[in-house]
2 protein chains.
Amino acid sequence: MSPAAQNGANRANVRNSDPTPPRSRDALRAAQMYYLQDLTMNAIARELRTSRSTVSRLLSMARETGLVQIQINNPLDRAPALEREIRNNFGVDAHVVPVTDLVSDSDVLDRVAIQAARTLGPLVDSNAIIGVAWGSTISAVSHHLTRKVTHDSTIVQLNGAGNTQTTGITYASEILRRFGAAYGARVEQFPVPAFFDHAETKTAMWAERSVKRILDLQERMTMAIFGVGSTGSGIPSHVYAGGYLDEEDLAILRRNQVVGDVATVFFRADGSHSDIVLNERSTGPDLGMLQQVRRRICVVSGESKINGLRGALAAGLATDLILDERSARTLVHNS
Amino acid sequence: MSPAAQNGANRANVRNSDPTPPRSRDALRAAQMYYLQDLTMNAIARELRTSRSTVSRLLSMARETGLVQIQINNPLDRAPALEREIRNNFGVDAHVVPVTDLVSDSDVLDRVAIQAARTLGPLVDSNAIIGVAWGSTISAVSHHLTRKVTHDSTIVQLNGAGNTQTTGITYASEILRRFGAAYGARVEQFPVPAFFDHAETKTAMWAERSVKRILDLQERMTMAIFGVGSTGSGIPSHVYAGGYLDEEDLAILRRNQVVGDVATVFFRADGSHSDIVLNERSTGPDLGMLQQVRRRICVVSGESKINGLRGALAAGLATDLILDERSARTLVHNS
DNA sequence: AATCACTTTGCACAAACGTGCACATGCCCC
DNA sequence: GGGGCATGTGCACGTTTGTGCAAAGTGATT
């Protein structure tokens with residue numbers, strides 16, 4: 001976000017008395033003329049007595065600030081086969097991001113992230129309490145959020161992010177900050193490590209009022225947004241490589257046939273999770289509690305995550321699933 | 001609408017079994033990639049293995065068929081002053097179409113019509129019964145409707161359109177047809193003249209079952225769309241010039257201080273209408289009944305209609321008002 | 001198989017658009 | 001009052017997009 005934009009947002013937050021900042025008034029007019037009346041930017045420039053380039057900039061501002069919302073709605077009766085199949089087989093609303101074989105894995109992540117961010121926008125409401133996990137997928141999403149004005153919304157961190165190494169994850173807080181900025185929401189960080197060394201420490205901490213406040217927010221979540229980690233083939237995801245777990249922990253995971261995690265809470269292929277001891281030291285949300293949340297959005301990019309995803313779906317963790325087409329195919333056809 | 005598009009629509013109506021026509025499947029993919037992933041048309045063409053120009057055409061198809069919906073939402077707290085004032089003074093939701101002094105009157109009509117058509121789209125739902133008036137304003141609107149898939153919707157004509165002269169108004173049915181095509185709705189015409197010569201004929205006709213069917217539909221309307229006629233300064237609108245009324249009728253209107261009409265039902269500046277005898281010969285809907293409709297959308301373009309509009313607002317005929325900025329200013333400032 | 005009517009495609013060109021850059025304007029702090 | 005900084009503007013250029021046109025499908029009919 002440019003410093004200019006930030007400044008604008010701040011000014012708006014300070015409930016000052018000037019009725020409408022002239023800049024965004026013009027942006028609104030321009031947007032109406034461009035998107036609703038089909039004028040060219042040149043024509044708009046003449047009417048606003050400014051240059052075409054300024055109009056171009058007004059319009060991109062209008063898009064970025066969520067003044068203009070572009071939605072794609074495919075009437076359910078003609079929803080693409082893949083999305084229908086996923087809904088039928090797994091009971092979640094699927095949003096498949098079109099992608100062909102020409103596209104590299106990192107491009108896929110980018111595209112899924114952009115589309116996820118755009119899909120999220122319309123679902124966010126005022127008075128929402130939005131739980132957000134951290135990880136490479138959600139980080140990518142956070143870079144592409146479009147702004148939307150809401151009142152009294154809160155972003156709450158789903159699981160701690162501290163670890164023993166220096167593997168600088170300042171970015172958990174960065175991710176949260178971006179969500180907060182996009183939706184004009186309060187941000188509540190969760191200042192604990194991802195895993196405690198001792199389950200007793202967790203018990204103790206969970207009794208602290210400062211922590212209870214966060215846990216209470218989590219219980220009242222109206223929406224949760226998370227990726228999945230997967231122990232499957234290929235690159236292990238952040239949690240498995242970033243110094244959060246030691247050799248012994250990883251051995252435990254293998255012995256327990258863990259296939260993946262959501263917000264550092266682990267589960268098996270069949271979705272079971274209650275008897276995995278590592279979860280007692282994890283700061284992620286109890287999955288039973290997570291299942292109570294009205295809207296639970298899972299973002300997945302890349303086939304390496306399929307195993308983890310299968311487990312997450314078996315556990316019923318998501319109500320909505322945003323994933324790339326390649327993964328979607330694999331998910332449906334090899335099941 | 002092009003013959004091609006029509007053909008497509010017909011094929012869709014015939015509930016055939018092929019799951020998804022390949023053309024619109026591509027359109028959906030293209031739209032997602034363009035609007036949700038910010039790819040260029042060139043990139044999309046490569047992925048779809050076609051030419052860029054085809055992608056351009058797919059995208060315009062996606063827009064026209066309502067696959068892509070572009071909305072402009074100005075958060076209420078920063079709604080432009082004009083719209084707020086109108087809401088406060090007249091109790092209707094105003095949608096002001098930005099227009100500057102550089103623009104000619106006929107251009108204004110066009111722009112209001114386009115924006116009205118776009119604004120309408122999101123409000124139309126399945127199972128709707130939509131009453132539609134006829135007149136130059138609504139005719140203009142009907143040319144710009146974007147398609148939207150709905151089920152079991154009905155378009156019903158609000159008032160008769162026949163007259164004694166040859167002033168070829170085939171266009172009442174044309175207007176209706178376009179609404180029907182845009183929303184995939186049944187069309188119910190109202191095959192009566194605009195005015196009967198004798199009130200008794202109306203009474204007789206209103207007892208006919210064929211007419212009753214239409215009246216019944218009108219009573220169950222969920223939405224009504226109409227312009228206003230105005231006797232005020234400048235050009236008299238269609239009804240006053242088109243051979244619907246003779247000299248004597250016009251004299252009656254003047255004597256009764258009629259300021260305008262909605263769907264050929266007349267009212268005075270204060271909104272009163274029940275004792276205007278001409279209304280007993282009009283085929284337009286009883287205004288009391290109209291007021292029961294949940295959503296009543298009034299489209300107005302041009303300052304010459306202000307007098308009529310004032311009366312219509314006083315009568316509480318509209319819940320939503322779409323009008324050009326110049327008229328909006330006049331409406332607010334000279335009241 | 002040939003014809004016809006009609007749709008769809010790619011090309012080529014013109015129009016419309018985004019953006020780096022240099023300059024203007026306003027504001028704060030010294 | 002002037003220098004420094006932040007913000008906004010218009011120009012110029014390269015890129016991206018819309019569209020008329022001719023050619024290539026497509027499918028029904030003879």
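These values consider heavy atoms only, across backbone and side chains, with no hydrogens, waters or symmetry-generated copies. In what follows, every chain begins at residue 1, and chains take the letters A, B, ... in the order their sequences are listed.
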Below 4.5 Å, heavy atoms only, C-beta onward: do Tyr34(A) and Val68(A) meet side chain to side chain?
-> no
Please give, in whole Å, the distance from dC17(C) P to Met61(A) CE?
-> 19 Å
Between CZ of Arg63(B) and C1' of dT19(D) the distance, given in whole Å, is 13 Å
Under 4.0 Å between a side-chain N or O of Thr54(B) and OP1 or OP2 of dT8(C)?
-> no
Does the side chain of Ser51(A) reach to within under 4.5 Å of the side chain of Thr54(A), using non-hydrogen atoms?
-> yes
Length of the line joining Arg49(A):CZ and dG10(D):C1', which is rounded to integer Å = 17 Å
Between Arg111(B) and Asp324(B), is the closest basic N to carboxylate O distance under 4.0 Å?
-> no
Using atom CG of Leu58(A) as one end and atom C1' of dT19(C) as the other, report the distance to the nearest whole Å.
-> 15 Å
Rounded to the nearest 0.5 angstrom, the CE-OG1 distance for Met41(B) and Thr50(B) is 12.5 Å
Pairwise side-chain contact, Pro191(A) with Gln157(A), heavy-atom cut-off 4.5 Å (strictly under) = no
Sorted by first residue and then second, give each salt bridge (charged side-chain N to carboxylate O under 4.0 Å, His left out) pair with at least one member in residues 115-124 of chain A; sequence neighbours left out.
-> Arg118(A)-Asp38(B)
Classify the nucleic acid contact of Ser60(A) as base, sugar-phosphate or nothing, counting any heavy atom under 4.0 Å across all strands shown.
-> nothing
What is the distance from CZ of Arg52(A) to C1' of dT15(D), rounded to the nearest Å?
-> 12 Å
Could you state the atom-to-atom distance from CD of Glu64(A) to C1' of dT19(C) in whole Å?
-> 13 Å
State which residue, out of Thr119(B), Val141(B), Ile322(B), fulfils the side-chain contact (heavy atoms from CB on, under 4.5 Å) condition with Ile297(B).
-> Ile322(B)
With respect to the phosphate group of dG10(C), does any side-chain polar atom (N or O) of Thr50(B) fall under 4.0 Å of OP1 or OP2?
-> yes
Do the side-chain N or O atoms of Tyr34(A) get closer than 4.0 angstrom to the phosphate oxygens (OP1, OP2) of dA16(C)?
-> no
In whole Å, what is the span from the CZ atom of Arg57(B) to the C1' atom of dT17(D)?
-> 12 Å
Residues from residues 36-45 of chain B sitting under 4.0 Å of DNA chain D, heavy atoms only?
-> Thr40(B), Met41(B)
Does OP1 or OP2 of dT19(C) have a side-chain N or O of Ser56(A) closer than 4.0 Å?
-> no
